[in-house]
2 protein chains.
Amino acid sequence: MRIDTKTALLNSAERAARARGFDGFSYADLAEDVGIRKASIHHHFPTKAALSVALMQRYAAEIKEALAALDATHPSGCARLAALIDHYRAALNGGKTLCLCVSFSTSRDSLPADVITEIRSFRQMVIGWLTRTFELGQSDGTIAGVTMPDKEAAATLPLLEGAQLTARAQENLDLFENGVQLLRQRLANPS
Amino acid sequence: MRIDTKTALLNSAERAARARGFDGFSYADLAEDVGIRKASIHHHFPTKAALSVALMQRYAAEIKEALAALDATHPSGCARLAALIDHYRAALNGGKTLCLCVSFSTSRDSLPADVITEIRSFRQMVIGWLTRTFELGQSDGTIAGVTMPDKEAAATLPLLEGAQLTARAQENLDLFENGVQLLRQRLANPS
DNA sequence: TTTTATCTACCTACTACTTGGTTGGCAAAT
DNA sequence: ATTTGCCAACCAAGTAGTAGGTAGATAAAA
């Protein structure tokens, strides 16, 4: 099944951005990857800034769906949290890529204001989800030691992102696991 | 007092790298900042890769000294940890810069292998220091809830780094504080 | 002390690409 | 007929770097 060029470009750009950051890839990289001329990309994305907006919006929509799916398929707080940890681990692609939000954050000065706003919304959304998850884990007793779910959430997202960074720098998933080990140990019995 | 050009270049490059990442600044930026011709920079740093090595080595040496100074001036576990948290907060420069290690991590594909190795050593050094700090905090009773100092350390560095990322993306120090709030609450009475 | 040689650190001019983008055109699909 | 999506050709600015040269400082020799 052939996908449309615009989607192929978004996929290619996302891989590149998550591996090398916004300043680390160019339209020439995408052109080669997708198999069209560099100038043709402008038909779909007139500027690199526009591309970054599209990337971030798509990424946020996708994780929104993913979080909803986690809610639907995991009944307990601990199971949900474990699933999110695994989601962040999987986003590493064996240590080759980061979450888009993370990779964009260090080159935020190169990004349009819209994307900075989207990044903020993205993090707020995930922290909101984490807050509810810690609340659930507190009430169903499957996450140990939760006294302030909102503060747990506010600490957990930077932990996941920082652990991604470490693992990405060394291309080593064990380093992600080292970072989240204590958190995993608080989970009753994720299933 | 005039500093030597090489040091001025390192200072300029460090500011730029910590603000915009390795791929986000060029020799032209440094030339303008320091006030010499771009081509002259090659006299001091033959390649951008060599510059990155020098930057990382200097940064690691500086934080090594900083950690030793924290040890000397803060007798309790909680005081030391609080001081490190403040160090990472101060490295944000009001939200304008990141720790060099963090800013380099997302563009690690652009960096020489030596720097990747240095980044790993840097993080190990900080985690080692954190481990000893949590051990101290456990034995002197000034950090609450420490059962496994090494695992605490392994979680704390990514938390600090992730919290930096969040604050940098939005240029808002409150977001750093939100991330480390729970950790701060475990500190008895830092002084 | 003066002169000479060497070193350091800068310069100009240049290289070979590379970057994100513009423009006009054409072929295929609708 | 119109729209979509690609092309080639091009643009101006930018990238990391090379090479030869010069001025000033410093050290060594006369």
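So that the names make sense, note that chain A is the first sequence line, chain B the second, and so on, each numbered from 1.
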Q. In terms of side-chain heavy atoms, does A:Arg123 have a donor or acceptor partner in A:Ser105 at a distance below 3.5 Å?
A. yes
**Q.** Side chain to side chain, A:Val115 and A:Phe122, heavy atoms closer than 4.5 Å
**A.** no
Q. Given side chains that start at C-beta, do those of B:Asp33 and B:Leu9 come closer than 4.5 Å, heavy atoms only?
A. no
Q | Residues touching DNA chain C, which here means a heavy atom under 4.0 Å, drawn from residues 28-41 of chain B | A | B:Ile36, B:Arg37, B:Ala39, B:Ser40
Q: Determine: side-chain N/O of A:His43 to OP1/OP2 of D:dG5, distance under 4.0 Å, yes or no.
A: yes
Q: Cation-pi check, A:Lys48 to A:Phe22: give yes when NZ or CZ is under 6.0 Å from the six-membered ring centre and within 45° of the ring axis, no otherwise.
A: yes
**Q.** Ion pair check, B:Glu118 and B:Arg58, cut-off under 4.0 Å
**A.** no
Q: Can you see which heavy atom on A:Asp140 is nearest to which on A:Gly77, and at what distance?
A: OD2-N, 2.8 Å
Where the side chain of [X] is concerned, which of [options] is the nearest nucleotide?
X       : options                : answer
B:Ser26 : D:dG17, D:dA16, C:dT8  : D:dA16
A:Thr47 : D:dA16, C:dG21, C:dC10 : C:dG21
B:His44 : D:dT18, C:dC10, C:dG20 : C:dC10

Q.
What is the distance, to the nearest angstrom, from the CG atom on A:Leu9 to the C1' atom on D:dC6?
A. 12 Å
**Q.** Gap between atoms CG and C1', on B:Asp23 and C:dT19 respectively (whole Å)
**A.** 13 Å
Q: For A:Phe45, report the nucleic acid contact type (base, sugar-phosphate, nothing); a contact means any heavy atom under 4.0 Å.
A: nothing
